[in-house]
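Quick note: numbers below take in every heavy atom, side chains included, and nothing from hydrogens, waters or symmetry partners. Being a predicted model, the structure only gives us computed values, none of them experimental.
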Amino acid sequence: SGGARTVSVGALLAALVALFFCDKGAVPPALAEFYRVDSLALFYKGLALISTIAVLVIALEYAPVINQFVSTEPGRTQEAGLGEFYALPLIVCVGLMMMASAVDLITIFVSLELTTVTFYVLVAYMRRSASSLEAGVKYLILGALSTGLLVYGMAWLYGLTGQMTLAGIADKITHWQGSTAPLLFAVALLLAGLGFKVAAVPFQIWVPDVYQGAPTPVTAFLSVGS
């Protein structure tokens with residue numbers, strides 16, 4: 001687990017340094033419709049990297065608690081369950097960095113779910129802790145509901161505009177003609193789905209139980225990264 005932690009932190013630091021030398025707009029033409037690198041995207045990529053590094057540093061101090069609540073089997077070392085705990089935040093970081101550059105609905109959804117599904121595992125990681133398992137189940141159920149609302153909103157938006165890219169949708173809305181009720185309904189579904197992800201009122205009801213039951217580094221990651 002020590003090697004996994006060192007490799008994880010080292011890779012994140014290398015990516016953070018490389019971020020300063022990244023060329024804006026350096027995206028292959030085939031991906032330009034789905035992925036964009038600009039100043040705002042680079043800022044949020046850096047935020048994702050820094051928050052992930054901080055979580056791994058916190059996890060170093062929290063390791064004894066994780067060892068206590070991860071089931072041990074004969075023949076396994078004391079830190080046998082920590083390697084995955086250091087690797088999973090990297091997957092979350094990838095999802096956050098992808099979403100920072102996503103400019104179409106499909107890429108946004110894939111990157112968002114990559115982050116969310118990994119968080120399901122991290123929240124319930126201490127499988128011998130009843131509170132951690134309870135938090136994981138609650139987060140999974142409410143997360144699935146919010147994902148359904150988000151996908152339904154995206155489907156409505158695509159059906160109304162015929163566009164998947166944010167620029168195309170914005171252009172269609174700017175020149176919108178006819179009733180705005182279907183459009184407002186689609187936007188309401190999108191806001192409800194995204195509101196859950198960021199714990200915006202009134203979609204914050206899951207926060208107390210999940211934050212209390214999740215491992216402390218994961219709670220820090222949820223409150224900052226996501």
Side-chain angles (χ1 to χ4, degrees), residues 7-56 86-122 143 146-174 186-187 189-200 203 218 220-226:
V7 171
S8 299
V9 174
L12 290 171
L13 288 173
L16 185 61
V17 172
L19 207 62
F20 290 97
F21 302 96
C22 181
D23 293 332
K24 298 177 184 178
V27 178
L31 298 179
E33 187 178 355
F34 315 102
Y35 196 86
R36 183 176 301 166
V37 178
D38 53 21
S39 298
L40 194 61
L42 292 176
F43 170 78
Y44 281 108
K45 288 177 188 292
L47 182 62
L49 288 167
I50 292 172
S51 60
T52 307
I53 293 171
V55 166
L56 292 177
Y86 296 133
L88 289 171
L90 299 184
I91 302 177
V92 175
C93 186
V94 170
L96 294 175
M97 294 179 70
M98 283 179 56
M99 189 158 49
S101 290
V103 290
D104 81 303
L105 296 180
I106 294 178
T107 309
I108 291 173
F109 175 75
V110 170
S111 56
L112 185 61
E113 288 310 299
L114 178 63
T115 299
T116 305
V117 171
T118 311
F119 268 130
Y120 295 156
V121 180
L122 286 171
S146 69
T147 297
L149 293 175
L150 185 65
V151 172
Y152 195 34
M154 288 180 175
W156 266 82
L157 200 57
Y158 174 69
L160 292 170
T161 62
Q163 300 288 330
M164 294 297 290
T165 63
L166 298 182
I169 293 171
D171 182 66
K172 290 289 185 179
I173 292 177
T174 301
V187 172
L189 290 172
L190 287 172
L191 290 177
L194 293 175
F196 172 88
K197 306 298 183 183
V198 299
F203 308 104
V218 178
F221 210 2
L222 277 170
S223 63
V224 178
S226 63

Which value, rounded to the nearest 0.5 Å, describes the distance between [X] atom [atom1] and [Y] atom [atom2]?
{"X": "Leu189", "Y": "Leu150", "atom1": "CG", "atom2": "CG", "result": "9.0 Å"}
{"X": "Asp38", "Y": "Cys22", "atom1": "CG", "atom2": "SG", "result": "10.0 Å"}
{"X": "Ile169", "Y": "Leu157", "atom1": "CD1", "atom2": "CG", "result": "4.0 Å"}
{"X": "Leu13", "Y": "Thr52", "atom1": "CG", "atom2": "OG1", "result": "11.0 Å"}
{"X": "Phe119", "Y": "Leu114", "atom1": "CZ", "atom2": "CG", "result": "10.5 Å"}
{"X": "Leu112", "Y": "Met98", "atom1": "CG", "atom2": "CE", "result": "10.5 Å"}

Original post:
Any sub-3.5 Å donor-acceptor pair from Ser111's side-chain atoms to Ile108's backbone N or O?
Top reply: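 Yes: the side chain of Ser111 pairs with the backbone of Ile108.
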
Can you give me the closest heavy-atom contact between [X] and [Y], atom names plus distance?
{"X": "Leu56", "Y": "Tyr86", "value": "CD2-O, 3.6 Å"}
{"X": "Leu88", "Y": "Thr118", "value": "O-CG2, 3.4 Å"}
{"X": "Gly225", "Y": "Leu96", "value": "O-CD2, 3.7 Å"}
{"X": "Tyr44", "Y": "Ala100", "value": "CB-CB, 3.8 Å"}
{"X": "Lys45", "Y": "Tyr35", "value": "NZ-OH, 2.7 Å"}
{"X": "Tyr158", "Y": "Gln163", "value": "CD1-O, 3.5 Å"}

Original post:
Which is it for Asp104 and Glu33 under the side-chain contact (heavy atoms from CB on, under 4.5 Å) test, yes or no, and what are the steps along the way?
Top reply: CA-CA 7 Å; Asp104 81 303; Glu33 187 178 355; over 6 Å; no

Subject >> Thr147: partners by side-chain hydrogen bond (donor to acceptor under 3.5 Å, both in side chains), with sequence neighbours left out >> reply: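 Thr147 satisfies side-chain hydrogen bond (donor to acceptor under 3.5 Å, both in side chains) with Glu113, Lys197 only.
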
Subject >> Side-chain touch Ser146/Phe203, heavy atoms, less than 4.5 angstrom >> reply: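 No. Closest side-chain heavy atoms not under 4.5 Å.
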
Subject >> Over 12 foreign heavy atoms within 6.0 Å of CD1, Ile106 >> reply: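 Count not over threshold, so no.
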
**OP:** Show your working on side-chain contact (heavy atoms from CB on, under 4.5 Å) between Thr165 and Val103 and close with a plain yes or no.
**Re:** CA-CA 6 Å; Thr165 63; Val103 290; 5.9 Å; no

